[in-house]
S.K.: 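Quick one: the structure is below, and I'll ask about it shortly.
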Amino acid sequence: MEGFTYNGIHSSDVGVMYVPSADEMGDFFSDYEVISDEHSWADGGAYFKSRVKPRAFTLSCFYDRVDEKKLEEIIRWLDRRTYGELIFDSRPYASYFVHPTKRISVNDYLQGGGTHSGTFEVSFTAYHPFARLVYDNATDYDDAGFKAETGVLPKNVSLVEAAGTGNYMYVYNPGTEKAHSKVILKSSITSPVTLTNDLNKSKCTIKPVTFASGETIEIDSYTGKTEKVSSTGRTLCTEFHDDGFLVFEPCTPFYRDVSVHTTAQSKVVTASANVFNDSMVGQWILIGTSWRLISAVSSAKSITVHAPFETTADTVAFIGTRNMVLITSTETPSIEIKCYPEVR
């Protein structure tokens with residue numbers, strides 16, 4: 001029987017059983033409600049975002065023939081003063097941060113001999129309604145539902161990469177929602193560095209800063225904080241950050257296992273079925289571990305990409321969106337970008 005994990009404890013560990021239903025868990029793929037748009041300033045940067053309606057989960061549970069100690073453990077586990085991660089067995093790759101929002105009311109039936117059976121409902125609220133992806137690649141966790149709902153790729157495909165000697169970094173967001181970022185500066189700079197996402201024009205600027213070896217500056221869009229990190233800890237340093245935060249567009253809609261043919265020294269990709277459409281212009285096609293930008297769609301069976309292929313091959317491809325982050329600087333800074341994908 002399926003269950004759920006709350007705050008690191010699985011329902012079966014405390015003797016709770018749960019029969020999931022679509023009505024209780026909600027439709028994970030429905031449109032979400034935007035309450036209001038916000039333009040705020042946090043920690044030296046301007047941040048554009050939307051507030052969305054929280055997601056509520058009401059779960060019908062029962063327990064059978066547990067002793068008094070175990071019943072008390074269930075009640076403490078779901079105390080309204082607690083909070084933590086909620087992960088459903090049916091979607092083990094999605095972690096919601098929730099609070100129990102109602103005191104559970106137990107319909108208890110004393111079985112005699114100090115044992116109890118009963119039913120109750122538990123209400124959880126995720127004030128941020130999207131779940132963080134638990135798995136970051138499709139090599140360690142090979143599940144059909146996981147692959148169908150997300151654009152997570154095999155481990156050997158780089159999700160954040162530099163563009164050779166160019167000024168771009170490519171960031172791939174395998175989730176279904178816009179993803180938060182952490183920009184990490186690892187080298188001192190004498191002039192400002194600006195990072196701009198070409199897809200949505202979100203932007204982050206780092207001002208000139210000098211620090212010792214081993215120190216970094218982290219600009220986190222989720223917390224709105226800019227911190228200097230060293231072996232002795234973290235300190236806020238808003239004076240080195242301006243001009244907002246980076247956010248990354250999701251890969252969706254994406255297409256897996258598209259049968260294609262490539263020809264050496266050609267930019268044309270052909271498919272055996274009618275799979276291409278005009279909306280794919282500007283998306284990327286992944287063949288093996290090599291990405292190509294789709295520059296034109298000639299027909300439902302033919303596209304043109306930005307760079308030729310090295311070999312002739314019949315293979316399968318993946319099509320989805322990648323974020324292109326332009327780095328504007330007079331120097332060559334050492335920068336790392338982290339993406340935190342989310343799903344509904």
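As a basis for the values below, the full set of heavy atoms in this structure was taken, side chains included, without hydrogen atoms, waters or symmetry mates.
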S.K.: Answer yes if the side chains of Thr58 and Glu121 hold a donor-acceptor pair under 3.5 Å, and no otherwise.
M.R.: no
S.K.: Is the positively charged end of Arg292 above the ring of Phe309, judged by distance under 6.0 angstrom from the centroid and angle within 45° of the axis?
M.R.: yes
S.K.: Using the six-membered ring wherever Trp is involved, compare the ring planes of Tyr83 and Phe97 and label them parallel, tilted or perpendicular (cut-offs 30° and 60°).
M.R.: tilted
S.K.: Do Tyr170 and Val305 share a hydrophobic cluster, counting only Ile, Leu, Val, Met, Phe, Trp and Tyr and linking them when any side-chain heavy atoms are less than 4.5 Å apart?
M.R.: no
S.K.: How about Lys228: does its NZ atom have over 12 heavy atoms from other parts shown lying under 6.0 Å from it?
M.R.: yes
S.K.: Determine yes or no for a side-chain-to-main-chain donor-acceptor pair under 3.5 angstrom, with His128 supplying the side chain and Ala131 the backbone.
M.R.: no
S.K.: Do Glu72 and Lys69 sit within salt-bridge range, that is, some charged N less than 4.0 Å from a carboxylate O?
M.R.: no
S.K.: Report the relative orientation of the aromatic rings in Phe318 and Trp291; use parallel for angles under 30°, tilted for 30 to 60°, perpendicular for over 60°.
M.R.: perpendicular
S.K.: So, for Asn200 and Ser202, which heavy atoms are closest and what is the spacing to 0.1 Å?
M.R.: OD1-OG, 2.8 Å
S.K.: Any chance the side chains of Thr150 and Tyr135 put a donor and an acceptor closer than 3.5 Å?
M.R.: no
S.K.: When you check the side-chain N and O atoms of Ser302 and Thr270, is any donor under 3.5 Å from an acceptor?
M.R.: no
S.K.: Can you label the angle between the Tyr222 ring and the His180 ring as parallel, tilted or perpendicular, going by 30° and 60°?
M.R.: perpendicular
S.K.: Who passes salt bridge (charged side-chain N to carboxylate O under 4.0 Å, His left out) against Lys178, sequence neighbours left out?
M.R.: Glu249
S.K.: Using atom types as modelled and distance alone, determine if a side-chain donor or acceptor of Asn323 lies under 3.5 Å from a backbone N or O of Val171.
M.R.: yes
S.K.: Do Glu331 and Ser191 meet the criterion of a side-chain donor-acceptor pair at a distance under 3.5 Å?
M.R.: yes
S.K.: Between His306 and Trp284, how do the two ring planes meet: parallel, tilted or perpendicular, split at 30° and 60°?
M.R.: perpendicular
S.K.: May I ask you to decide if Val247's main-chain N or O and Asn197's side chain share a donor-acceptor pair within less than 3.5 Å?
M.R.: yes
S.K.: Could you pull out all residues at least two apart from Tyr340 that satisfy side chain to side chain donor-acceptor pair (under 3.5 Å)?
M.R.: none
S.K.: Report the relative orientation of the aromatic rings in Tyr96 and Phe88; use parallel for angles under 30°, tilted for 30 to 60°, perpendicular for over 60°.
M.R.: perpendicular
S.K.: Hey, are Lys207 and Glu239 close enough for a salt bridge, meaning a charged N less than 4.0 Å from a carboxylate O?
M.R.: no
S.K.: Distance check, rounded to the nearest 0.5 Å: Ser329 atom OG versus Ile335 atom CD1?
M.R.: 7.0 Å
